[in-house]
Each structure stands twice: as C-alpha cells, then as structure tokens.
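First the structure, in the form of structure tokens, and then the observations on it.
Source: prediction; values computed, not measured.
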Amino acid sequence: MPQRPPADAEPPLLVACALGIERFALRGGHRAAAAGGRPELVVLRTGMGPQAAERALAEALGEGADTQRSPVVASGFCAGLAPGMRPGDVVVADATRDHRPGVPDVICRDNGPLLRALRERGLTVHSGLLRGSDHVVRGAERAELHAAGAVAVDMESAATLRAAQRAGGRPVAAVRVVVDAPEHELVRIGTVRGGISAFRVLRSVLPVFYEWHRSLLLPWR
C-alpha cells in the first residue's frame, strides 16, 4: 500500500479540465514530461459546466485530500471572442468572471511566467478577461461578451478558480486553447482541422505548467 506524502511536502499541481478529450491531451503531455523528474501533477476531469466544476474542485481540495493545498490551473478548450483569433491560439487569463452577475472576479496574479514561457514556444498567446458561461456561446452573444471586455469564454474556468480560492488561498491560473473563434466556428465546414490544431497545442502546453509550478516553489529573493 503506497504511503501518503508527509504533511509538509509540497503539494502536487492540480490541472482541472472538463472533457475526456482534454484530459487525454493533457495526460499525453504529462507522460512526455514525466521523465524530467518534475513536480507531481494531478489531472482532474471535472465534467462539463460550472456546477460540475465546483463540485469536483470542492472534493479534490477537501480536508485530507493529497491535493488539498495544491496550486490550480483551469485548462482545456475555449471559444475565442476577438476577431482574428484562430484555433490553436492560447488564452492566459488575467482574471475570470462568473456568468452570474455580482460574483467577484478571480484575479490571476501569478500568470507572468506562463505568458513568457508560452510565447517563447512560438505560440500565439492572448491575455485578458476569461468569461464564464453555463451554455455554449455562439453568434451575437459572442460579440456581446467581447464588447463587454472578454477575450474568450468557457464553461468551467471561472467556477474552477472560484472553488479553488474558496477552499483556501493558493496560486491559480487559467490557460485555455482556442478551438473555435468568430471566423472559425465549430459548426462550419473545415473545423475538424481546427480541432486537431487545438488538441496538439493543448498537448504541448503541459511542460509550461510544470515550469510555472516549479517557479512557485522557488524562494522569494
């Protein structure tokens, strides 16, 4: 029977995603990076939608869980809102906003290393407000959210980070890969290619999460 890590051990990084295909991509990246002896990582599939994300995070960060004190990254796919975005672009949230009015934004204060590392890999990276939703956003609603200041939208990131903060102070981040955008909606012909591009990029970003986690463990100078 495996022994539990000591109470003062550094917690593993928790990466939360909604869908099986997202978890498959991230776990593929995990296998590719594991040989480097980097910090332990847990990929949590929450299920689709904000309520499922909140429930899954509450359990994963609950009393006695190995991930109780873990930094949290919300990841997976998203819909880009800004004209010119393309499948495979990466969105790093400065903040996430709930789909319900009156809920405070979650500010992502530690995202600088993520932005730099992703851009150094040659990826197209956007930063800004990541908006939450409880349904798939299309057409005019997409334009309205962009006009209100959001660069991208998904259904789980805001709920994931809010649940993480509710469970106690910890570094949080949201990194999403654009799978459709105003000029590349999923309902159009040719979007299979866009989906493949987004999958490949999502699979490639996990080493950057390891680097971010490692940077959090460094002593302040």
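Defined by atom type and a distance below 3.5 Å, a donor-acceptor pair is missing between the side-chain atoms of His213 and Glu40.
Here the side chain of Trp212 pairs no donor or acceptor atom with the backbone of Ala173 at under 3.5 angstrom. For Asp154 (side chain) and Glu156 (main-chain N/O), a donor-acceptor pair under 3.5 Å exists by modelled atom type. With hydrogens and angles disregarded, a donor-acceptor distance shorter than 3.5 Å links the side chain of Asn111 to the backbone of Ala93. Side-chain atoms of Glu54 never come within 3.5 Å of backbone atoms of Gln51 as a donor-acceptor pair (strictly under, hydrogens ignored). A distance-only check finds a donor-acceptor pair linking the side chain of Ser70 to the backbone of Pro12 [under 3.5 Å]. Side chain of Gln68 to backbone of Gly64: a donor-acceptor contact under 3.5 angstrom is found.
Here the CZ atom belonging to Arg131 is positioned 14.5 Å from the SG atom belonging to Cys78, to the nearest 0.5 angstrom. The distance from the CZ atom of Arg45 to the CG atom of Leu26 is 12.5 Å, given to the nearest 0.5 Å. Atom CG of Leu57 is separated from atom CD of Gln165 by 11.5 Å, given to the nearest 0.5 angstrom. Between the CG atom of Leu202 and the OG atom of Ser197 there is a distance of 12.5 Å, given to the nearest 0.5 Å. Rounded to the nearest 0.5 Å, atoms CG (Leu41) and CZ (Arg27) are 9.5 Å apart. Arg170 contributes atom CZ, which lies 8.5 Å from atom OG1 of Thr67 (distance to the nearest 0.5 angstrom).
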Inset, instruction - Apply the test side chain to side chain donor-acceptor pair (under 3.5 Å) to residues Glu141 and His135: give CA-CA distance (whole Å), side-chain angles for both, the deciding distance (0.1 Å), then the verdict. - result: CA-CA 11 Å; Glu141 187 179 7; His135 59 276; 2.9 Å; yes
Inset, instruction - Apply side chain to side chain contact (heavy atoms under 4.5 Å, CB included) to Val178 and Val90, showing your working. - result: CA-CA 6 Å; Val178 174; Val90 180; over 6 Å; no
Inset, instruction - Show your working on side chain to side chain contact (heavy atoms under 4.5 Å, CB included) between Val208 and Leu114 and close with a plain yes or no. - result: CA-CA 7 Å; Val208 175; Leu114 288 169; 3.8 Å; yes
Inset, instruction - Show your working on side chain to side chain contact (heavy atoms under 4.5 Å, CB included) between Val103 and Arg162 and close with a plain yes or no. - result: CA-CA 9 Å; Val103 178; Arg162 186 177 62 251; 3.7 Å; yes
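Across all their heavy atoms, Pro207 and Ser204 have their closest contact at CD-O, 3.3 Å. Considering every non-hydrogen atom in both Cys17 and Glu22, the closest pair reads CB-OE1, 3.7 Å. Between Val177 and Gly88, the closest heavy-atom pair is CG1-CA, 4.0 Å. In plain terms, the two heavy atoms of Ser133 and Val153 that are nearest each other are CB-CG2, 3.8 Å. Smallest separation of non-hydrogen atoms from Ala65 and Ala60: CB-O, 3.3 Å. Between Arg203 and Ala25, the shortest heavy-atom distance links the atoms CG-O, 3.4 Å.
Note on Leu206: it clusters hydrophobically with Val175, by side-chain heavy-atom contacts below 4.5 Å among ILVMFWY residues. Grouping the Ile, Leu, Val, Met, Phe, Trp and Tyr side chains by contacts below 4.5 angstrom, directly or via other members, places Leu216 with Leu13.
Counting only heavy atoms from C-beta outward, the side chains of Val72 and Thr160 approach each other to under 4.5 Å. No side-chain heavy atom of Leu81 sits less than 4.5 Å from a side-chain heavy atom of Val151. Residues Cys108 and Asp94 form no side-chain contact, since every pair of their non-hydrogen atoms from C-beta on lies 4.5 Å or further apart. The shortest side-chain heavy-atom distance between Val172 and Val106 falls under the 4.5 Å cut-off. A 4.5 Å side-chain heavy-atom check between Pro50 and His99 finds at least one atom pair inside the cut-off.
Pairs passing the side-chain hydrogen bond (donor to acceptor under 3.5 Å, both in side chains) check and including a residue from residues 117-128, sequence neighbours excluded, read Asp89-His126.
Remark: Glu59 engages no residue in a side-chain hydrogen bond (donor to acceptor under 3.5 Å, both in side chains) (not counting sequence neighbours).
For the pair Arg69 and Glu10, the salt-bridge criterion is not met [side-chain N within less than 4.0 Å of a carboxylate O].
With a 6.0 Å radius and a threshold of 12 heavy atoms from other residues, nucleotides or ligands, Arg109 has its CZ atom at or below the threshold.
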